[in-house]
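In what follows, chains carry the letters A, B, and so on, assigned in the order in which the sequence lines appear, proteins first and then strands, with residues in each chain numbered from 1.
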Amino acid sequence: MAKGRFGIYGGQYIPETLMNAVIELEEAYERYKEDPNFKAELDSLLKNYAGRPSLLYFAEKMTKDLGGAKIYLKREDLNHTGSHKINNVLGQVLLAKYMGKTRVIAETGAGQHGVATATAASLLGMECEIFMGKEDTDRQALNVYRMKLLGAKVHVVTSGTQTLKDAVNETLREWSKRVKDTHYVLGSVMGPHPFPTIVRDFQSVIGREVKKQILEEEGRLPDVLIACVGGGSNAIGLFYDFIGEPGVRLIGCEAAGHGIRTKKNAATITVGKVGIFHGMKSYFCQDEYGQIAPVYSISAGLDYPGVGPEHAYLHDIGRAEYVAVSDEEAVEAFEYLSITEGIIPAIESAHAVAYAKKIAPSMGRDQIIVVGLSGRGDKDVAAIARYRGVEIHE
Amino acid sequence: MNRLKQVFANGKAFIPFITAGDPSLEITKELVVKMAEAGADLIELGIPFSDPVAEGQVIQDANIRALSGGTSVDKIFDMLRHVRKTCDVPIAFMTYANPVFAYDPDKFLRNCRETGVDALIVPDLPFEEKGELMPFCLKYGITLISMIAPTSNNRIHRIAREAQGFVYCVSSMGVTGVRENISNDAKEMIKLVKEVNNIPCAVGFGISTPEQASRVAEFADGVIVGSAIVKIVERYGRECVPHVVEYVRMMKNAVKVI
């Protein structure tokens, strides 16, 4: 059995054409992750370019309004490019450069990962091509133009359901055509080994910072961490440093779309079954014959039929809980945080805010919740307006 | 005798690929029988999958057509039960890991034996992960085919040593689909395979013309053609059988005398 397992999950289920590329990547990562030059360069980029550390903000009005646990927001929305995606992308694009690659390709759902990749490619002087499903280029047109401004070529993917999973398919196909000079900057803790490990390591800065910040602020660890889960990169980034702290509850919020009893959701762990797809064994939304199901969420970033293998494992061993949050709850939380704290969250992150709203009132005032605010919501304003029946002409 | 041995016993082998259920399982059944009569040495039968990442546009579209028509693994097994009443051509399934995994690998391979499927090709199950299905393949006597690619380099010896039946050599990088030029990579790959295992090597990806096929057959033991045939099926739909048969006959003629 191949390396890169989380219990039974993970692995390297990819065509032979890509095997040497992932082996080369694994070797390079093992070589450079402890390399002083690489580490110094990445630390400097995270600090001086991305703006780390990101704030851990005490949401006082929200806390008072809900009348229960103290709520802190980990402000990944304040990073350069507006989401946690930049943490992983700077690491991977820098790694690609150390490997001698000259071109990076990536999939994107909401466009946050595509924008982050295009940004890092522009900064580090790499050619960049982004694959994005047609449904997503339609609902996130601003991000498409943003990527073009940053010098990336954007491919509109019209196969399959024309969303994130199809963008991943197409990026894998493109990578198998051209591996020599090209690195695939996978955007989440998914895909074949070593991606789930590499992306987790680059994102784990979130949880490390939270630990330090909350100890400084409160002198104790939080009781609950909440993050949204599509592939699960911001959630694992937040959770990772706390997995060994049994007193800290870890809660991942999946997209329930129109509801987990309908077919229109993307709540993979809640409704999916174990399967093998996109290079990994994990949970997937699928039919009885293993055909990958078309999934749905108002959030393009959570609209994915799988979940990272480490989440599948954390679920099975009972270390993390995974709950489903509907479109309606997420939109309400989107509006709530905007009006209460003056912070417009990404609709993805709003799923985590919604769950915090739900559980905070029944928790004690001496208890602490940290919510991963993975991104900012500017990109979603038009879609939320549409959801509320308002047409905006930009 | 294992039917896979027959595949390479009649000169260089011609191995056509079709997607089961495209345009219907009724036509697939007819295609299998008639392609066998036209000289196909092994028929590679694709079980459609929603997300075939190793396929180019032509076969992706065939997968969608087949699934939209309601094709399922169970219906494919039923179709093969009918085929086996009159036709004993060697058959290999080509599908992705998830349809087999979701069906239950034990039941899937048991049904393969029962319906006379000889081999299984799973492009997203590389050497490192073959343990996922190998125990069931061994249990039911189905050959799990190994693939090698132009980037396999130092992996080829390791893969070839444990290969069974034949080695599927991917001629070029990228996904399936018709190509203008077939590179010579496969020739070198086959040389490396034969250094450690005297096993037949069939070359696929990109081949569509008789000229390309006969050039590949100079150094390979078999030629696999998919997208070119699927294109004929796509073009003629329910009327495709005679056109496919004619193509298969032409291609078998192009490879067999080499």
- Message: So, taking the atom named CD in B:Glu132 and the one named CD1 in A:Ile276, what distance separates them when rounded to the nearest 0.5 Å?
- Response: 4.0 Å
- So which of B:Gly131, B:Ser72, B:Gly56 has the biggest tally of heavy-atom pairs under 4.5 Å with chain A? B:Ser72
- Task: For B:Glu114, look at atom CD and say whether over 12 heavy atoms of other residues, nucleotides or ligands are found less than 6.0 Å away.
- Result: yes
- Which atom names give the shortest non-hydrogen contact between A:Asn20 and B:Arg155, and what distance separates them? OD1-CD, 3.4 Å
- B:Lys231, NZ: over 12 other non-hydrogen atoms inside 6.0 angstrom: no
- Message: Which atoms of B:Asp61 are under 4.5 Å from chain A, going by heavy atoms: the side chain, the backbone, both sets, or neither?
- Response: neither
- Task: State which residue, out of B:Ile156, B:Val170, B:Leu125, B:Ile159, fulfils the side chain to side chain contact (heavy atoms under 4.5 Å, CB included) condition with A:Glu16.
- Result: B:Ile159
- Task: Step by step, work out the side-chain contact (heavy atoms from CB on, under 4.5 Å) result for B:Met147 and A:Thr17.
- Result: CA-CA 9 Å; B:Met147 300 179 95; A:Thr17 41; over 6 Å; no
- Are more than 12 heavy atoms from other residues, nucleotides or ligands located less than 6.0 Å from atom NZ of A:Lys134? no
- Task: Give, as side chain, backbone, both or neither, the part of B:Pro48 having an atom under 4.5 angstrom from any heavy atom of chain A.
- Result: backbone
- Query: Can you tell me how far CZ of B:Phe101 sits from CD of A:Gln286, rounded to the nearest 0.5 angstrom?
  - Reply: 8.5 Å
- Item | Nearest atoms (heavy-atom pairs only) where B:Met173 meets A:Ser176 | CE-O, 3.2 Å
- Item | Contact check, side chains of B:Asp51 and A:Gln291, non-hydrogen atoms, under 4.5 Å | no
- So B:Ser152 and A:Met19, side-chain contact (heavy atoms from CB on, under 4.5 Å) or not? Walk me through it. CA-CA 8 Å; B:Ser152 297; A:Met19 276 308 295; over 6 Å; no
- Indicate yes or no: at least one non-hydrogen side-chain atom of A:Ile14 is less than 4.5 angstrom from one of B:Asp124. no
- Query: Less than 4.0 Å between a side-chain N and a carboxylate O, is that true for B:Glu129 and A:Arg5?
  - Reply: yes
- Message: Could you go through A:Leu18 and B:Thr151, starting from their C-alpha distance and side-chain angles, then the distance that decides it, and tell me whether this counts as side-chain contact (heavy atoms from CB on, under 4.5 Å)?
- Response: CA-CA 8 Å; A:Leu18 290 173; B:Thr151 45; over 6 Å; no
- Look at B:Glu55 together with A:Arg173 and state whether they make a salt bridge at an N to O cut-off of under 4.0 Å. no
- Message: Can you tell me which of B:Pro123, B:Pro150, B:Ala54 forms the most heavy-atom pairs within a distance under 4.5 Å of chain A?
- Response: B:Pro123
- Item | Under 4.5 Å from a heavy atom of chain A, the part of B:Leu67 involved | side chain
- Do other residues, nucleotides or ligands put more than 12 heavy atoms under 6.0 Å from the NZ atom of A:Lys273? yes
- Message: Looking at B:Lys130, I want to see if its NZ is surrounded by more than 12 non-hydrogen atoms of other residues, nucleotides or ligands under 6.0 Å.
- Response: yes
- More than 12 heavy atoms from other groups under 6.0 Å of CZ on B:Phe77: yes
- Message: For B:Asn198, I'd like to know if atom CG has over 12 heavy atoms of other residues, nucleotides or ligands within 6.0 Å.
- Response: no
- Message: If you compare all heavy atoms of B:Gln60 against all heavy atoms of A:Ser159, which two are closest, and at what distance to 0.1 Å?
- Response: OE1-CB, 3.7 Å
- Query: Can a donor-acceptor pair be found between the side chains of B:Asn98 and A:Tyr13 at a distance below 3.5 Å?
  - Reply: no
- Step through the shown structure and confirm whether more than 12 heavy atoms of other residues, nucleotides or ligands are within 6.0 Å of CD on A:Glu24. yes
- Portion of B:Asn63 that has a non-hydrogen atom of chain A nearer than 4.5 angstrom: neither
- Message: When you compare the side chain of A:Val168 with that of B:Val53, does any pair of heavy atoms fall below 4.5 Å?
- Response: no
- To the nearest 0.5 Å, tell me how far B:Ser50 OG sits from A:Phe277 CZ. 6.0 Å
- Under a 4.5 Å heavy-atom cut-off, does chain B meet the side chain of A:Ile292, its backbone, both or neither? both
